[in-house]
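One structure is given here, and the rest of the page talks about it.
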Amino acid sequence: MRITIGHLYPDLLNLYGDRGNIQCLMKRCIWRGIEAQTIAFELGDRIDFSGLDIVLLGGGSDREQMLVCQKLQAIAGSFREYVEAGGVVIAICGGYQLLGNYYRTQSGMITGLKLVDLYTEQGEDRLINNIVLKSDLFDMPIVGFENHGGRTFIGNNRPLGKVLYGSGNDGVSGYEGVVYKNVIGTYLHGPLLPKNPQLADWLISRALERKYGEIVELPPLEDSQEREANAYVYNRFVGSGHTGAKP
Ligand code: GLN
């Protein structure tokens with residue numbers, strides 16, 4: 001088995017080292033004997049989505065998003081076909097906002113890819129916080145860090161999780177992120193996947209199922225350190241009682 005990851009525009013969208021999430025996906029495949037490769041695309045490159053199994057769209061400043069959004073329109077059609085056909089996407093912060101219809105900022109309108117029916121409006125202040133979520137996709141909590149000026153409104157779409165600590169999509173709804181088909185959009189930055197190995201494996205499983213047409217049971221990995229780190233953050237911000245032990 002083999003997984004090909006497409007990293008969209010790492011030169012512009014790579015705030016807080018979102019690139020580390022690629023390393024995590026690659027390693028978790030390789031440790032299980034699944035071949036993995038990553039193709040990094042620059043703005044203006046032709047992207048053949050039929051050769052990709054997972055797409056990562058990272059975070060960026062408003063200025064970088066503005067630069068990217070003009071070029072993104074050229075790939076929006078084929079990106080949409082990929083998503084509608086069950087293509088796996090992990091979109092983080094600025095990348096999450098770009099999945100939607102638009103991000104309206106005080107200095108202009110950033111047109112989105114319109115892959116998921118959501119939109120973002122710039123708020124008065126930035127939402128900067130550690131953040132902990134409970135998602136019904138996973139038994140472990142999702143932990144991370146958020147730093148965004150935008151408030152994202154997902155309408156009737158399914159959120160990624162309920163906020164246990166932190167701000168989330170818009171600071172008031174109590175929800176964070178979005179799940180649409182095999183797309184996850186989230187404000188959680190930096191080492192999202194190393195801190196949340198179940199989320200990494202969800203992406204790998206969905207990609208293998210789509211590619212090989214069968215449910216693939218991923219062999220468990222020795223994740224005790226990841227679980228301890230996750231539990232530490234949960235306990236620090238939400239409360240004790242969560243040990244990190246496997247259920
Ligand atoms: N520029 C966007 C915002 O401030 C996204 C920032 C980010 O990717 N951290 O809302």
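Every heavy atom of this structure was used, including side-chain atoms; hydrogens, water molecules and symmetry mates were not. Just follow the structure's listing: the first ligand is 1, and inside any ligand the first atom is 1.
For ligand 1, one of its N or O atoms has an N or O atom of R126 under 3.5 Å away. Between G149 and ligand 1, a contact under 3.5 Å exists for at least one N or O pair. Considering backbone and side-chain N/O of G150, one or more are found under 3.5 Å from N/O of ligand 1.
Within the 4.5 Å cutoff, side-chain heavy atoms of I90 are placed close to those of L199. Within the 4.5 Å cutoff, the side chain of I47 has heavy atoms near those of the L52 side chain. Considering only heavy atoms from C-beta on, F79 comes within 4.5 Å of V89 through its side chain. In this structure, M1 and V216 have side chains that are in contact, with non-hydrogen atoms separated by less than 4.5 Å.
At least one heavy atom of Q97 sits closer than 4.0 Å to an atom of ligand 1. Heavy atoms of H189 come nearer than 4.0 angstrom to ligand 1 in at least one pair. Proximity of Y96 to ligand 1 is not established, as no heavy-atom distance is less than 4.0 Å. For the ligand labelled ligand 1, residue Q122 lies outside the 4.0 Å heavy-atom shell.
Contacts between D62 and ligand 1, counted as non-hydrogen atom pairs separated by less than 4.0 Å, involve both the backbone and the side chain. Under 4.0 Å from ligand 1, the heavy atoms of Y103 that appear belong solely to its side chain.
In the model, Y103 has a side-chain atom that pairs as donor or acceptor with a side-chain atom of D62 under 3.5 Å. Side-chain contact, T186 with E176: a donor N or O sits under 3.5 Å from an acceptor N or O. In this model, no donor atom of one side chain and acceptor atom of the other lie less than 3.5 Å apart for Y187 and S167.
The distance from ligand 1 to the heavy atoms of L15 drops below 4.0 Å at these ligand atoms: 7 (C), 8 (O), 9 (N). Atom numbering of ligand 1 starts at 1 in the shown order; those under 4.0 Å from a heavy atom of G60 are 1 (N), 2 (C), 5 (C), 6 (C), 7 (C), 8 (O). Below 4.0 Å from some heavy atom of Q65 lie the following atoms of ligand 1, by number and element: 1 (N), 2 (C), 5 (C). Ligand 1 places these atoms under 4.0 Å from at least one heavy atom of G94: 5 (C), 7 (C), 8 (O). For ligand 1, the atoms lying closer than 4.0 Å to a non-hydrogen atom of N147 are 6 (C), 7 (C), 9 (N). Using a 4.0 Å cut-off to heavy atoms of G59, the atoms of ligand 1 that qualify are 8 (O). Counting the atoms of ligand 1 from 1 in the order shown, those under 4.0 Å from a heavy atom of C93 are 5 (C), 6 (C), 7 (C), 8 (O), 9 (N).
Rounding to the nearest 0.5 angstrom, the gap separating the SG atom in C93 from the CG atom in L57 is 11.0 Å.
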Trace of the side chain to side chain donor-acceptor pair (under 3.5 Å) decision for N169 with Y96: CA-CA 10 Å; N169 279 338; Y96 169 33; 2.8 Å; yes
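For the pair R151 and D125, the salt-bridge criterion is met [side-chain N within less than 4.0 Å of a carboxylate O].
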